[in-house]
Amino acid sequence: MLFARLAHVSQEIAATLARSRKTALLAELFRGAEPADVPIVIPYLAGRLPQGRLGIGWKVLAQQIPPAREPTLTVQDIDTRLTAIGAATGPGSQTERKRLVAELLAAATEDEQRYLLGLLTGEVRQGALDALAVEGLAAATGAPPADVRRAVMLAGSLQTVAQAILTDGPPALERFRLTLGRSVLPMLAHSASSVTEAVAKLGTCAVEEKLDGIRVQLHRDGDDVRLYTRTLDDITDRLPELTAAARELAGERFILDGEVIAFDEDGRPRSFQEISGRVGSRVDVATAAGQVPVSPVFFDALSVDGQDLLDLPFADRHTELARLVPEPMRVRRTVVNGPDDLPEAERFLSDTLTRGHEGVVLKALDAPYSAGRRGASWLKVKPVHTLDLVVLAAEWGHGRRTGKLSNLHLGARSADGSFAMLGKTFKGMTDAMLTWQTERLGELAVEDHGWGVTVRPELVVEIAYDGLQRSTRYAAGVTLRFARVVRYREDKSPAEADTVETLLAAHPEVTR
DNA sequence: TTCCGACAGTGGGGTCGCAAT
DNA sequence: ATTGCGACCCCACTATCGGAA
């Protein structure tokens with residue numbers, strides 16, 4: 001198949017609003033794909049590369065290459081070349097990758113170049129990714145979408161399922177079962193603004209600690225232990241403590257879901273930054289493990305002794321978990337019986353925060369494990385802090401925000417009357433706010449930099465954030481975690497904005 | 001008819017490892 | 001030895017479509 005055909009369909013999908021029509025376009029293409037093209041075409045149309053990331057970013061792609069006149073590249077050509085690019089490592093590899101990318105772009109037409117750049121940066125912006133590719137696959141083969149979706153979650157891979165179903169038809173879906181050693185997409189949680197709101201939605205539910213670490217899925221099959229992250233990267237070798245812990249447990253064959261965290265000498269949980277650094281260390285694991293030993297804390301069991309627990313109610317899965325995993329290695333929890341039990345839920349949240357953790361997750365006791373989905377049956381609640389900060393600059397947006405000032409640079413007052421930048425945010429704005437702030441900041445602009453404008457520090461904005469973290473990027477030495485706009489405060493002057501001093505005082509643990 | 005679940009898009013900061021300087 | 005880039009951790013929020021209620 002010619003790559004140009006994919007580029008064309010992708011453009012058509014991008015130009016279509018109705019999801020049903022996008023699905024139909026995908027299905028039509030899938031039906032016509034040669035078997036050999038399938039493992040390439042499916043990920044491309046889901047906006048990804050079959051090779052995963054190739055070590056190519058904006059820097060390599062910044063080069064302007066004159067496009068080819070006529071489309072000649074097949075999807076196989078593209079795949080072969082990209083594989084070669086990904087294989088380049090060692091000294092000189094960056095130059096080599098850049099050369100190979102230039103060569104590839106030169107062979108592509110303008111439309112093909114645009115699509116290729118989208119694939120390489122992971123920003124195809126066609127309004128259809130994995131979920132619609134699944135719908136399209138179902139439509140192309142006549143299989144029920146829910147069955148295809150489930151197979152993808154269990155396989156942890158869209159193209160594996162696509163290949164099977166396009167070759168052998170819908171019965172092939174039965175081959176995808178929960179298997180020890182094969183990672184499953186983890187279940188995710190929605191946010192709720194309070195414990196009250198969450199309990200009102202869930203009724204009787206478990207309230208569990210939310211730990212600020214790295215999500216892990218642990219598989220043990222006899223002596224073989226495997227460990228996966230949220231995106232199913234295999235990190236077994238980086239955390240030997242987890243393999244040891246898995247072998248201590250009473251069972252031989254199981255899949256557990258949990259979080260990896262670390263504690264300091266006083267038994268307080270270490271910061272996310274420290275845990276992240278530990279889990280990211282893969283060269284000298286022994287030294288890293290000596291400095292920041294980690295502990296697993298499990299909260300769910302997906303499989304025990306060869307029995308698939310995914311469809312069991314959470315209450316039953318937890319019973320299995322408790323049989324297998326001793327209490328210190330399980331997440332702390334309490335169970336509340338609906339709104340009458342709110343005080344217990346609030347007490348548990350308050351206790352959890354006192355012990356230095358992030359918040360709580362409330363889980364419906366009757367819900368199955370919805371692999372890969374952000375189910376409504378898990379609701380996380382974290383305390384939110386707010387500040388009044390001053391806009392120092394704003395960057396031009398991309399995609400649907402093109403032409404709008406989008407990403408705000410945020411400053412707090414310093415003792416000397418100047419403003420110290422604490423970070424940026426593009427979150428929380430409605431379209432109306434984007435329009436308004438583009439105009440207002442335009443009036444306040446003192447200099448246009450191309451990337452955006454710096455402004456007179458006069459506009460006050462209320463910012464919500466989850467906490468402070470250490471920073472080497474910003475002069476104050478700290479930055480806001482997950483900053484987002486709540487509302488503009490035109491009633492406030494910059495002199496009334498919060499100060500760096502009060503901010504640091506509010507989070508003493510960060511600079512201690 | 002209205003409501004709400006699921007998706008895609010729009011980017012944030014930190015950390016590590018590696019290649020280039 | 002230092003710097004810059006890319007991958008991958010953590011993530012919040014809004015707009016939109018289309019099925020559920």
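Each chain gets a letter, A, B and so on, in the order the sequences are listed, and its residues count up from 1. Quick note: numbers below take in every heavy atom, side chains included, and nothing from hydrogens, waters or symmetry partners. These figures come from a predicted structure and were not determined experimentally.
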Asks: Closest-nucleotide mapping onto DNA chain C: is A:T430 or A:R282 further toward the 5' terminus? I mean the 5' end.
Replies: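 Of the two residues, A:R282 wins.
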Asks: Of all the nucleotides listed (B:dT15, B:dG12, B:dA20), which has the minimum atom distance to the side chain of A:F426?
Replies: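 From the listed options, B:dG12 comes nearest.
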Asks: Is A:L480 touching bases, backbone alone, or none of the nucleic acid, heavy atoms closer than 4.0 Å?
Replies: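 The answer is nothing, as A:L480 stays clear of every strand by at least 4.0 Å.
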Asks: Which one, B:dC7, B:dG13, B:dG11, comes nearest to the side chain of A:K427?
Replies: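 Output: B:dG11.
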Asks: Measure the spacing between CG of A:D284 and CZ of A:R282 and express it to the nearest 0.5 Å.
Replies: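 If I round to the nearest 0.5 Å, the distance is 13.0 Å.
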Asks: What range of DNA chain C does chain A touch, first nucleotide to last, counting atoms under 4.0 Å from its heavy atoms?
Replies: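 Reading along DNA chain C, I get C:dC5 to C:dG18.
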Asks: A:E462 and side chain to side chain contact (heavy atoms under 4.5 Å, CB included): which single residue from A:V486, A:D498, A:V485 fits?
Replies: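 Answer after filtering A:V486, A:D498, A:V485: A:V486.
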Asks: In Å, rounded to the nearest 0.5 Å, how long is the span from CD of A:E358 to CD of A:E259?
Replies: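 It comes to 8.0 Å.
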Asks: Rounded to the nearest 0.5 Å, what separates atom CZ in A:R413 from atom CZ in A:F419?
Replies: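 Interatomic distance, A:R413 CZ to A:F419 CZ, rounded to 0.5 Å: 7.0 Å.
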Asks: Tell me: NZ of A:K98 to P of B:dA20, nearest whole Å?
Replies: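 Going from NZ in A:K98 over to P in B:dA20 covers 12 Å.
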Asks: Quick one: which protein N/O atoms are closer than 3.5 Å to N/O atoms of nucleotides 2-4 of chain B? Pair and distance per line, please.
Replies:
none

Asks: State which residue, out of A:R481, A:H357, A:K382, fulfils the side chain to side chain donor-acceptor pair (under 3.5 Å) condition with A:D212.
Replies: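 Exactly one pass, corresponding to A:R481.
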Asks: So, taking the atom named CZ in A:R81 and the one named CG in A:D79, what distance separates them when rounded to the nearest 0.5 Å?
Replies: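 Reported value, rounded in 0.5 Å steps: 12.0 Å.
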Asks: Using a cut-off of 6.0 Å, state whether more than 12 heavy atoms not belonging to A:E509 lie near its atom CD.
Replies: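 Yes, CD of A:E509 has more than 12 neighbouring heavy atoms, counting only those of other groups under 6.0 Å.
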Asks: Let me know, please, whether A:D466 or A:L120 comes out on the 5' side of the other along DNA chain C by nearest nucleotide.
Replies: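 Nearest nucleotide further toward 5': that of A:L120.
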Asks: What nucleotide among B:dA19, B:dA20, B:dG9 has an atom nearest to a side-chain atom of A:T95?
Replies: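 For the A:T95 side chain, the nearest candidate turns out to be B:dA20.
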Asks: Quick check for you: to the nearest 0.5 Å, what is the distance between A:L211 atom CG and A:F299 atom CZ?
Replies: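 Answer for the CG-CZ pair, A:L211 versus A:F299, is 8.5 Å.
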Asks: Answer with base, sugar-phosphate or nothing: what part of the nucleic acid does A:L54 contact at a heavy-atom distance below 4.0 Å?
Replies: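 Sugar-phosphate contact only - A:L54 comes under 4.0 Å of backbone atoms but never of a base.
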Asks: Over all strands shown, is A:Q126 touching base, sugar-phosphate only, or nothing at heavy-atom distances under 4.0 angstrom?
Replies: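 The residue A:Q126 makes sugar-phosphate contact but no base contact.
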